[in-house]
Amino acid sequence: MSEKELRRSMSVFPIGTVIKLTDLSARQIRYYEEQDLIHPERSEGNRRLYSLNDIDVLLEIKDYLSDGLNMAGIKRVYKMQKEEEKKARNKKPLTDKDVRRIFYDEILSQGGLNPKNPFDTNRPKL
DNA sequence: CTTCTGACA
DNA sequence: TGTCAGTA
């Protein structure tokens, strides 16, 4: 892991800072953590500490949300990214963002996954 | 003063 | 998701 990646993964920001940077509510930020989309560490006083990477993910989630994806859809974007990582890890030189971008576009082009429509657990796998 | 967890008029 | 409570 490069030094830059190491720094981007260091947990140093309190939730207040993240709220200002992402314009998301504390409620939402904690909820996305429950959904395993971000993994902030904890300080001695049990306070959450976020990394630049966590903030990037939060910013991406905001975009997905504004484009109509619900939690199920967003979680799939990241879930598929992980699955694809294992395959590409030893082959393609795609970055995490490239992979997410690809699946994100696919999901959008397939329509659906709107916040209104309940869950889509039974949707066909991409 | 800031953040945390749990709960719901 | 908002928000209020009671803490740490």
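Below, read A as the first sequence line, B as the second, and so on, with proteins coming before strands; counting in each chain starts at 1.
Side-chain contact between A/L37 and A/M71 is present, with at least one heavy-atom pair separated by less than 4.5 Å. Using a 4.5 Å heavy-atom cutoff, the side chains of A/Y32 and A/I74 are not in contact.
Atom CD1 in A/I29 sits about 14 Å away from atom C1' in B/dC4, given to the nearest Å. Going from atom CG of A/N46 over to atom P of B/dT3 covers 13 Å, rounded to whole Å. Summarising the geometry, the separation between CD on A/Q28 and P on B/dC4 is reported as 15 Å, rounded to the nearest angstrom. Atom-to-atom, CG of A/D23 to P of C/dT1 comes out at 12 Å; the value is rounded to the nearest Å. Distance CZ (A/R42) to P (C/dA8): 16 Å, rounded to an integer number of Å. One can place NZ of A/K20 at 8 Å from P of B/dT2, the figure rounded to the nearest angstrom. A straight line from CD1 of A/I15 to P of B/dC1 spans 19 Å, rounded to a whole angstrom. Here the P atom of nucleotide B/dC4 and the CZ atom of A/R30 are 4 Å apart, to the nearest Å.
In terms of modelled atom types and a separation under 3.5 Å, the side chain of A/K62 and the main chain of A/T22 share a donor-acceptor contact.
Residues A/L49 and A/L21 fall into different hydrophobic clusters, defined by Ile, Leu, Val, Met, Phe, Trp and Tyr side chains chained together at heavy-atom separations under 4.5 Å. If you chain together hydrophobic residues whose side chains sit under 4.5 Å apart, A/L58 and A/M10 fall into the same group.
Contact between the side-chain N/O atoms of A/Y31 and the OP1/OP2 oxygens of B/dG6 is not found at any separation under 4.0 Å. Within the structure, a side-chain polar atom (N or O) of A/S25 is placed less than 4.0 Å from OP1 or OP2 of C/dG2. Remark: A/R27 is not in phosphate contact with B/dA7, judged by side-chain N or O atoms under 4.0 Å from OP1 or OP2.
A 6.0 Å sphere centred on CD of A/E3 holds no more than 12 heavy atoms belonging to other residues, nucleotides or ligands.
The base of B/dT2 lies close enough to the side chain of A/R47 for a donor and an acceptor atom to sit less than 3.5 Å apart.
Using a 4.0 Å heavy-atom criterion, one finds that A/G16 contacts the sugar-phosphate atoms exclusively.
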Give the dot-bracket string for DNA chain C, reading 5' to 3', where a pair is Watson-Crick or G-U wobble with both distances under 3.5 Å, ( ) marks pairs inside the strand, [ ] marks pairs crossing earlier ones, | marks a partner on another strand, and . marks unpaired. .|||||.|
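Salt bridge status for A/E34 with A/R30: absent, with no side-chain N to carboxylate O gap under 4.0 Å.
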